[in-house]
Amino acid sequence: MNKTFAFFGTPEVASSTLTILAMHGYKPRVIVTSPNRRAGRGMQMAETDVSLWANEHGIECLKPEKIDKDFIENFKKYNVDLSIVIAYGKILPEELIKLPPLGTINIHYSLLPKYRGASPVEEALLHGDEVTGISIQKMEYKLDSGAVLVEEVVPIDKDEVKTDLLKRLTEIGGKLLAEKLPDIFGNKIIPKTQDESGATFCKKLKKEDGLIDLSDDAKINYNKYRALEGWPGTYFFINKESKNIRMKIRKASYENGSFTVERVIPEGKKEIDYSEFIRNKN
């Protein structure tokens with residue numbers, strides 16, 4: 001069976017999945033990613049992680065500013081059997097979703113219908129969940145509502161932070177997809193309709209979501225630190241010399257019911273032990 005697929009994705013989680021698929025002998029006929037953007041201190045034009053992967057592997061890479069009729073007409077010429085979407089960053093029109101004969105599938109990092117939306121990994125950690133999972137779903141033109149083809153339960157370590165959990169989920173999800181692709185290509189999997197009564201949703205995160213009040217519940221603060229570790233990160237304000245200084249949390253712990261900030265980056269300064277900062281403050 002010689003089936004072909006297109007791959008839509010943008011960040012590292014998508015490029016890492018491409019690497020896993022390639023290790024199992026699956027490479028896309030065409031890749032679609034976000035356009036180059038200015039990034040970093042020098043605001044130089046930068047390619048996405050997926051674009052860099054495509055260059056390295058010699059695969060044609062499309063970077064549309066928008067998914068319009070012209071793009072869809074151009075996409076038709078690749079004549080793929082299936083589209084795979086992972087963290088692409090744009091809403092796909094229904095026409096594009098249904099264009100390949102086998103449709104379009106997506107890896108979602110939760111056990112659907114729980115935590116539909118943009119931040120399922122963060123949401124699981126914010127709630128202090130002990131398990132999460134992988135759902136490979138058939139995409140529909142409604143947020144994460146498609147029938148589930150395959151799912152796998154993944155336990156969460158009590159001190160696991162987002163970047164570590166996301167890395168594990170990416171590896172598990174990529175291997176699961178590679179394992180099940182022959183059955184997906186062969187149309188051998190019976191899709192499982194989601195129970196809409198159990199659907200919950202999560203929003204796209206913003207920088208200001210990282211604000212922590214150190215007087216709040218210790219476990220809630222620790223879960224927030226775990227969930228937002230990396231980006232957007234967590235922070236709080238401390239008063240020094242009649243000024244409110246923004247303190248970005250770099251490391252924190254939870255023990256015996258207490259949330260302890262261990263490492264911080266004071267606004268405009270270098271990373272430091274929080275205890276040392278407090279001593280200097282006084």
Side-chain angles (χ1 to χ4, degrees), residues 5-28 31-34 39 46-57 59 61 82-90 92 104-112 114-127 129-139 143-144 146 148-184 202 204-205 223 225-233:
F5 68 98
F7 187 93
F8 292 72
T10 295
E12 185 180 1
V13 61
S15 62
S16 295
T17 303
L18 279 167
T19 296
I20 294 169
L21 291 176
M23 288 172 59
H24 287 79
Y26 298 106
K27 287 187 178 181
I31 287 173
V32 185
T33 191
S34 297
E47 298 183 61
T48 69
D49 290 298
V50 165
S51 175
L52 294 171
W53 192 96
N55 294 342
E56 182 181 344
H57 292 81
I59 296 174
C61 186
L82 175 75
S83 287
I84 297 172
V85 180
I86 300 175
Y88 173 50
K90 285 184 170 64
L92 301 188
T104 300
I105 63 172
N106 164 254
I107 295 182
H108 190 74
Y109 300 110
S110 78
L111 297 173
L112 290 169
K114 193 173 185 179
Y115 303 147
R116 293 177 180 176
S119 54
V121 178
E122 292 91 340
E123 200 73 12
L125 291 170
L126 281 169
H127 283 83
D129 292 354
E130 295 182 355
V131 297
T132 183
I134 307 289
S135 298
I136 300 177
Q137 60 159 335
K138 293 203 71 169
M139 285 186 69
L143 184 65
D144 297 324
V148 175
L149 298 174
V150 187
E151 64 181 7
E152 182 168 332
V153 176
V154 177
I156 303 174
D157 184 82
K158 66 181 181 65
D159 293 313
E160 196 163 20
V161 294
K162 179 183 67 178
T163 52
D164 293 337
L165 177 56
L166 183 57
K167 182 179 179 181
R168 282 205 304 123
L169 290 171
T170 301
E171 292 172 353
I172 294 168
K175 290 175 183 177
L176 183 64
L177 177 59
E179 176 188 330
K180 298 297 181 181
L181 262 183
D183 289 339
I184 293 172
C202 48
K204 185 175 182 178
L205 294 168
N223 286 340
Y225 156 74
R226 294 169 62 213
L228 306 188
E229 179 264 351
W231 194 93

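Throughout, residue positions are numbered sequentially from 1 according to the sequence presented.
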Item to complete: Dump the intermediate steps for side chain to side chain contact (heavy atoms under 4.5 Å, CB included) on Glu130 and Ile156, then the final yes or no.
Response: CA-CA 5 Å; Glu130 295 182 355; Ile156 303 174; 5.8 Å; no
Item to complete: Answer whether the closest heavy-atom distance between the side chains of Asp129 and Lys114 falls below 4.5 Å.
Response: yes
Discussion item. Is any side-chain heavy atom of Ile84 closer than 4.5 Å to one of Pro28?
Written reply: no
Worksheet entry | Sequence-distant partners of Leu143, side-chain contact (heavy atoms from CB on, under 4.5 Å), two or more places apart | Phe201
Worksheet, complete the sentence: dist Leu82:CG -> Phe7:CZ (nearest 0.5 Å) comes out at 11.5 Å
Item to complete: Assess whether side chain to side chain donor-acceptor pair (under 3.5 Å) is satisfied between Ser16 and Glu171, documenting all intermediate values.
Response: CA-CA 8 Å; Ser16 295; Glu171 292 172 353; over 6 Å; no
Practice prompt. Report yes if the side chains of Ile172 and Tyr109 come closer than 4.5 Å at any heavy-atom pair, otherwise no.
Written response: no
Worksheet entry | Side-chain heavy-atom pair Leu111, Glu151 within 4.5 angstrom cut-off | yes
Item to complete: Have a look at Glu12 and tell me which of Asp49, Leu166, Val50, Thr170 forms a side chain to side chain contact (heavy atoms under 4.5 Å, CB included) with it.
Response: Asp49
Worksheet item: Can you name the closest pair of heavy atoms from Ala87 and Pro11 and give their distance?
Response: O-CD, 3.0 Å
Item to complete: To the nearest 0.5 angstrom, please state how far the OG atom of Ser15 sits from the CD1 atom of Ile20.
Response: 10.0 Å
Worksheet entry | Step-by-step side chain to side chain contact (heavy atoms under 4.5 Å, CB included) determination, Lys180 to Leu149 | CA-CA 9 Å; Lys180 298 297 181 181; Leu149 298 174; over 6 Å; no
Worksheet item: Of all heavy-atom pairs between Pro232 and Leu205, which one has the smallest distance, and what is that distance?
Response: CD-CD1, 4.3 Å
Discussion item. When you measure from the side chain of Glu152 to the backbone of Gly173, do you find a donor-acceptor pair of N or O atoms at a distance under 3.5 Å?
Written reply: no
Worksheet item: Taking the side chain from Ser135 and the backbone from Ser110, do they hold a donor-acceptor pair closer than 3.5 Å?
Response: yes
Worksheet item: Do the non-hydrogen side-chain atoms of Tyr26 and Pro182 ever get within less than 4.5 Å of each other?
Response: yes
Item to complete: Might you point out which heavy atoms bring Gly9 and Ala14 nearest each other, and give the distance in Å?
Response: CA-CB, 3.9 Å
Item to complete: Determine the minimum heavy-atom distance between Arg226 and Asn223, stating which atoms define it.
Response: NH1-OD1, 3.0 Å
Discussion item. Looking at every heavy atom in both Arg168 and Pro155, which two are closest together, and how far apart are they?
Written reply: NH2-O, 2.6 Å
Fill in: Heavy-atom side-chain proximity of Ser34 to Lys90 below 4.5 angstrom
yes
Item to complete: Would you indicate whether the side-chain heavy atoms of Leu181 and Leu21 approach each other to under 4.5 Å?
Response: yes
Worksheet item: Side chains of Glu122 and Cys202: closer than 4.5 Å at any heavy-atom pair?
Response: no
Practice prompt. Of all the heavy-atom pairs spanning Gly117 and His108, show the shortest one and how long it is.
Written response: O-CE1, 3.3 Å
Practice prompt. Check the pair Val154, Leu169 against side chain to side chain contact (heavy atoms under 4.5 Å, CB included), reporting the backbone distance first and the verdict last.
Written response: CA-CA 8 Å; Val154 177; Leu169 290 171; 3.9 Å; yes
Worksheet item: Can any side-chain N or O of Asn106 pair as donor or acceptor with the backbone N or O of Gln137 at less than 3.5 Å?
Response: no
Fill in: Approximate separation, where rounding is to 0.5 Å, of Thr132 OG1 and His127 NE2
12.0 Å
Practice prompt. Begin with the C-alpha distance, continue with both residues' side-chain angles, and end with the deciding distance and a verdict on side chain to side chain contact (heavy atoms under 4.5 Å, CB included) for Leu177 and Ile105.
Written response: CA-CA 10 Å; Leu177 177 59; Ile105 63 172; 3.8 Å; yes
Worksheet, complete the sentence: Only one of Thr33, Thr19, Thr17 passes side chain to side chain donor-acceptor pair (under 3.5 Å) with Trp53, and that residue is Thr19
